[in-house]
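Start at 1 with the first residue, then count along the sequence. When a ligand or atom number is given, it counts from 1 through the structure's own listing order. Only heavy atoms go into these numbers, but all of them, side chains included; no hydrogens, no water, no symmetry mates. Keep in mind that what you see is a predicted model, and the values were worked out from it rather than measured.
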Amino acid sequence: MKNPFYMKDIITITDFGRAELEYLFRVADNIIEDPLRFSDILKGKILGYAFFEPSTRTKLSFESAMKRLGGQTVGFSEPSKTSIKKGESFKDTLKMLEVYSDVIVVRHPADGAAKYAAEVCNKPIINGGDGKFQHPTQTMLDLYTIYRELGHIDGLVIGILGDLKYARTVNSLLLGLTNFKPKKLYLISPPLLRPREFILDFLSSSNISFELIERLGDVISELDVLYVVRIQKERFPDIMEYNKVKGAYRVSMRTLMDAKDSLKILHPLPKLDEIAPEIDNTKYALYYKQAQYGVFVRMALLLSILLEEVQ
Ligand code: CP
């Protein structure tokens, strides 16, 4: 297959189908198999990053990925230390990164910021998370983690637990899963945190079998994968609404009493109190390895965006 990512913007996961995602998985597999083969391949290329919101994984894993490919990085994660502080616009800031780099990762609190960045920039833009809208590269690594660890995504029973309304990782994951054929999706949340209608409509029109439920315990014994997200306090328009759902769910060893031995728990991280620390070192926890796969998937993506011939 011809490289489908060459010089492409990565704004929403719906821009990519199963064939494109599987292409990326193959590149990531090749990198894991022989990382030294790729260690110099982006020499002379520069990744720019503009982070208007805090990040540990997305920023550092993109930096690590670029450096492991022999490239370099420039950018900022504290806008207050740039000329934005003097009133410079988002557009002009991005136009400068366009001059200084070959591909740019943008994280921003506003839905649609990455799309706007792609409209004003002539270099490929990667959405590193925009508001409560999307986080497409998180979904690429989430799907890769499932594929790599369980061997397939089709046929699995997947539970998604938590703030399904405001978590952009969940939006992107649900949309991305429509490229595959999971046996069933259980969307588990308090009623206030159910996914938004456009996501449910998309699942229905993609013939995905799903059910909205409130209690993890009702389905835990069926699950192959449990994907957990924290409550996104920073996205709530009203703190009173947040207070109604604060602490509404927590996964502990007790919760997992009836789980399959092979159950795997994913989390995009950061995690707060929704997963008990006692789970971290068990066979169920896949979230730290998931973050590690994030580096390989982002290496695969950077390579594929910047080089026409990859594999
Ligand atoms: N998963 C994720 O986006 O983490 P960060 O917010 O730390 O980048």
Expected rows: ligand 1 N/O, protein N/O, dist below 3.5 Å:
from	atom 1	to	atom 2	distance (Å)
ligand 1	1 (N)	Gln138	OE1	3.0
ligand 1	1 (N)	Pro268	O	2.8
ligand 1	1 (N)	Leu269	O	3.0
ligand 1	3 (O)	Thr58	OG1	3.0
ligand 1	3 (O)	Arg107	NH2	3.0
ligand 1	3 (O)	His135	NE2	2.9
ligand 1	4 (O)	Arg57	NE	3.0
ligand 1	4 (O)	Leu269	O	3.3
ligand 1	6 (O)	Arg107	NH1	2.8
ligand 1	7 (O)	Thr56	N	2.7
ligand 1	7 (O)	Arg57	N	3.0
ligand 1	7 (O)	Arg57	NE	3.3
ligand 1	7 (O)	Arg57	NH2	2.9
ligand 1	8 (O)	Ser55	OG	2.6
ligand 1	8 (O)	Thr58	N	2.9
ligand 1	8 (O)	Thr58	OG1	2.7
ligand 1	8 (O)	Arg107	NH1	3.4
ligand 1	8 (O)	Arg107	NH2	3.2

Any donor-acceptor N or O pair under 3.5 Å, side chains Arg298, Ser61: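 Per modelled atom types, Arg298 and Ser61 side chains form a pair under 3.5 Å.
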Under 3.5 Å, is there a donor on one side chain and an acceptor on the other for Tyr293 and Glu149?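 Side-chain D/A pair, Tyr293 to Glu149: present.
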Please find out if less than 6.0 Å separates the ring center of Tyr116 from that of His108.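 When the ring centroids of Tyr116 and His108 are compared, they turn out to be at least 6.0 Å apart.
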Does the pair Lys271 and Asp280 meet the rule for a salt bridge (Lys or Arg N to Asp or Glu O under 4.0 Å), with working shown? CA-CA 11 Å; Lys271 63 181 171 64; Asp280 290 355; 3.1 Å; yes
Between Ile158, Leu156, Leu216, which is the residue that forms a side-chain contact (heavy atoms from CB on, under 4.5 Å) with Leu223?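 Of the listed residues Ile158, Leu156, Leu216, the side-chain contact (heavy atoms from CB on, under 4.5 Å) partner of Leu223 is Leu216.
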Trace of the side-chain contact (heavy atoms from CB on, under 4.5 Å) decision for Asp130 with Val106: CA-CA 8 Å; Asp130 61 335; Val106 179; over 6 Å; no
